[in-house]
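Remarks on the structure that follows.
By convention here, the first residue in the shown sequence is residue 1. Note that the structure is a prediction, hence the values are computed from the model and not measured. Atoms considered below: every heavy atom in the structure, side chains included; atoms not considered: hydrogens, waters and symmetry mates.
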Amino acid sequence: MHIVRRALLGSLWALIGWKPSFAIDTGPETTTQEEASSVTPRHVLCFLGRDRDLCQLSEAAAKAVRDFATGFSVDEDYSQAEPDDRMNRSFDVCWDRVEPDAWNEADEKAVADHQSVLYVLGPSMARADTVEVSMTALRLVERLIEAGAVAVKGESAGIAHGLDRWRELIGQGVEAQNAGDPLAQQRVGRLAFAKRPLSARGYLESVGFHLVGLPDVYVPETAGSERQVVAIIDAVADEIGKQGLDRTLKARGASLSFDSTYDVDEFKFNPYGIVKVAG
């Protein structure tokens with residue numbers, strides 16, 4: 001199946017509530033670690049333009065690929081020099097609702113008024129390269145915002161931020177790279193391109209941590225409010241980055257599972273597994 005079509009089908013699930021309550025009955029069969037290890041994550045980025053002309057954004061993306069974004073490419077099949085009437089609903093579901101003021105009315109209006117859509121595909125990533133490639137993806141977002149993109153969405157996890165928030169994340173990424181701090185880069189990449197919390201099978205979960213080489217984190221819904229659970233999800237991710245998976249599992253009394261609610265051919269499938277925090 002075409003790469004962008006796979007991402008768009010994933011977004012259609014998002015439009016009806018990400019994973020429906022009946023996912024436990026109709027979800028995929030249990031995935032083995034061996035099957036999961038054959039999957040490599042990649043970024044799919046969606047940029048909305050203000051004009052019915054893709055030239056400016058497309059040329060900016062192509063120049064970024066030549067300058068620094070090796071392995072990225074413009075998708076010619078699904079990019080279009082006309083509005084896409086699904087974007088209002090898609091962005092509404094994908095806005096980051098964790099960070100205060102992650103988007104505003106101007107961002108919503110930009111989505112509503114968009115006149116073109118450009119998709120950029122990232123390379124398949126080895127785990128050791130995920131953070132570096134995600135920092136490159138963030139630079140690509142910066143370049144296309146400068147070229148006139150009015151809204152940006154990460155399709156691989158279904159996450160959107162307003163332009164001011166994207167600029168803030170871009171700045172944090174630059175600081176982390178200048179400091180040579182891989183853990184800070186991983187955290188910025190996670191905040192930029194992953195989504196949390198989503199609800200599935202009694203857990204609140206993250207989606208997209210594989211884009212920075214981490215397993216996703218599932219926390220029981222009974223562990224607290226959504227904001228409290230998000231804090232736990234983020235803390236566990238930071239701990240894995242700092243001290244490794246095994247030590248984190250032991251300290252948290254958690255387990256590693258590959259029983260995902262996503263099929264292996266979905267972009268939201270995490271080949272590094274799921275850390276399930278004990279209730």
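- Within the structure, ring-ring contact (aromatic ring centres under 6.0 Å, His included) contacts touching residues 208-232 (residues at least two apart or in different chains) are Y203-Y218.
- You'll find the side chain of E205 stays beyond 4.5 Å of the side chain of P197, heavy atoms only.
- The main-chain N or O of V111 is never found under 3.5 Å from a side-chain atom of E108 such that the two would form a donor-acceptor pair.
- Between S156 and K268, the side chains place no donor N or O within less than 3.5 Å of an acceptor N or O (distance only, hydrogens not considered).
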Practice item. Test side-chain hydrogen bond (donor to acceptor under 3.5 Å, both in side chains) on E221 and S199 and set out the steps. Key: CA-CA 8 Å; E221 292 177 335; S199 179; 2.6 Å; yes
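- Residues satisfying the side chain to side chain donor-acceptor pair (under 3.5 Å) criterion with K63, sequence neighbours excluded, are D67.
- Side-chain contact between L198 and L204: absent, with no pair of heavy atoms (C-beta onward) separated by less than 4.5 Å.
- When each of R42, M135, M125 is tested with T130 by the rule side chain to side chain contact (heavy atoms under 4.5 Å, CB included), just one qualifies, namely M125.
- By the ring-ring contact (aromatic ring centres under 6.0 Å, His included) test, Y272 pairs with no residue at all, sequence neighbours left out.
- When all heavy atoms of L245 and P215 are compared, the pair lying nearest together is CD1-CG, 4.3 Å.
- Evaluation of the side chain to side chain donor-acceptor pair (under 3.5 Å) rule for S206 yields D216 as partners, not counting sequence neighbours.
- Both V212 and I232 are members of a single hydrophobic cluster when ILVMFWY side chains are connected at heavy-atom separations under 4.5 Å.
- Judged by distance alone, with hydrogens and angles left aside, the side-chain atoms of K195 form a donor-acceptor pair with the main-chain N or O of C94 at under 3.5 Å.
- In the hydrophobic clustering of ILVMFWY residues, with side-chain heavy atoms under 4.5 Å counting as a link, Y78 and F91 come out together.
- Looking at heavy atoms from C-beta onward, T70 lies out of side-chain contact with V65 at the 4.5 angstrom threshold.
- Distance check: L191 CG to D96 CG gives 8.0 Å after rounding to the nearest 0.5 Å.
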Check your understanding: After noting the C-alpha distance and the side-chain angles of Q80 and S116, does the key distance pass the side chain to side chain contact (heavy atoms under 4.5 Å, CB included) rule?
Key -> CA-CA 6 Å; Q80 59 184 57; S116 54; over 6 Å; no
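- The salt bridge (charged side-chain N to carboxylate O under 4.0 Å, His left out) analysis of residues 110-137, with sequence neighbours excluded, yields the pairs K109-D113.
- Listed by first and then second residue, the ring-ring contact (aromatic ring centres under 6.0 Å, His included) pairs that reach into residues 96-116 are W95-W103, sequence neighbours excluded.
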Check your understanding: Given R97 and D92, is the salt bridge (Lys or Arg N to Asp or Glu O under 4.0 Å) satisfied, shown in steps?
Key -> CA-CA 10 Å; R97 287 177 167 78; D92 185 57; 3.6 Å; yes
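- For the side chain to side chain donor-acceptor pair (under 3.5 Å) test, no residue two or more places apart in sequence or in another chain qualifies with E142.
- Rounding to the nearest 0.5 angstrom, the gap separating the CG atom in D164 from the CG atom in L169 is 11.0 Å.
- The distance from the CZ atom of F72 to the CG atom of L121 is 9.5 Å, given to the nearest 0.5 Å.
- Between the side chain of S79 and the backbone N or O of Y119 there is at least one donor-acceptor pair closer than 3.5 Å.
- The environment of CD in E105 is sparse: at most 12 heavy-atom neighbours from other residues, nucleotides or ligands sit within 6.0 Å.
- If you chain together hydrophobic residues whose side chains sit under 4.5 Å apart, V188 and V230 never meet in one group.
- Residues satisfying the side chain to side chain donor-acceptor pair (under 3.5 Å) criterion with R139, sequence neighbours excluded, are absent altogether.
- Listed by first then second residue, pairs satisfying ring-ring contact (aromatic ring centres under 6.0 Å, His included) with a partner in residues 127-152 number zero, not counting sequence neighbours.
- Nearest heavy atom pair, residue A237 against residue V217, reads N-CG2, 4.5 Å.
- Under the 4.5 Å side-chain contact rule for hydrophobic residues, V98 and I159 do not share a cluster.
- Using a 4.5 Å heavy-atom cutoff, the side chains of K153 and S90 are in contact.
- Note on V264: it clusters hydrophobically with V207, by side-chain heavy-atom contacts below 4.5 Å among ILVMFWY residues.
- Among residues at least two apart or in separate chains, side-chain hydrogen bond (donor to acceptor under 3.5 Å, both in side chains) pairs with a member in residues 227-244 are R187-D238, R190-D234, R190-D238, R196-D234, S225-Q228, E239-R252, Q243-T248.
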Review point. Can you check side chain to side chain contact (heavy atoms under 4.5 Å, CB included) on V120 and D75, steps first, answer last?
Key: CA-CA 6 Å; V120 177; D75 182 84; over 6 Å; no
Practice item. Begin from the C-alpha positions of L144 and V152 and carry the test side chain to side chain contact (heavy atoms under 4.5 Å, CB included) through to its verdict. Key: CA-CA 9 Å; L144 266 69; V152 184; over 6 Å; no
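- The CG atom of N178 sits 9.5 Å away from atom CD of Q185, with the distance rounded to the nearest 0.5 Å.
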**Study point:** Derivation of the side chain to side chain contact (heavy atoms under 4.5 Å, CB included) call for L138 and T136
**Key:** CA-CA 5 Å; L138 205 50; T136 299; over 6 Å; no
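- At least one side-chain heavy atom of F269 sits under 4.5 Å from a side-chain heavy atom of V39.
- Interatomic distance, CG of D259 versus CD1 of I274, reported as 6.5 Å (0.5 Å rounding).
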Less than 3.5 Å apart, which donor and acceptor atoms pair up between the side chains of residues 45-62 and the rest of the protein, not counting sequence neighbours?
unit_1, atom_1, unit_2, atom_2, d
R52, NE, Q115, OE1, 2.9
D53, OD1, C55, N, 2.8
Q56, NE2, A147, O, 2.9

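- With rounding to the nearest 0.5 Å, the separation of CD in E266 from OG1 in T261 is 8.0 Å.
- The closest side-chain heavy-atom distance from E168 to I170 is not below 4.5 Å.
- In this structure W166 satisfies the ring-ring contact (aromatic ring centres under 6.0 Å, His included) test together with H161, F193, sequence neighbours excluded.
- Minimum interatomic distance between A223 and V229 (heavy atoms only, all atoms of both residues): CB-CG2, 4.3 Å.
- Using a 4.5 Å cut-off on side-chain heavy atoms (C-beta onward), V133 and P123 make contact.
- Side chain of D263 to backbone of D265: no donor-acceptor contact under 3.5 angstrom is found.
- The shortest heavy-atom contact between G208 and A157 is CA-CB, 3.8 Å.
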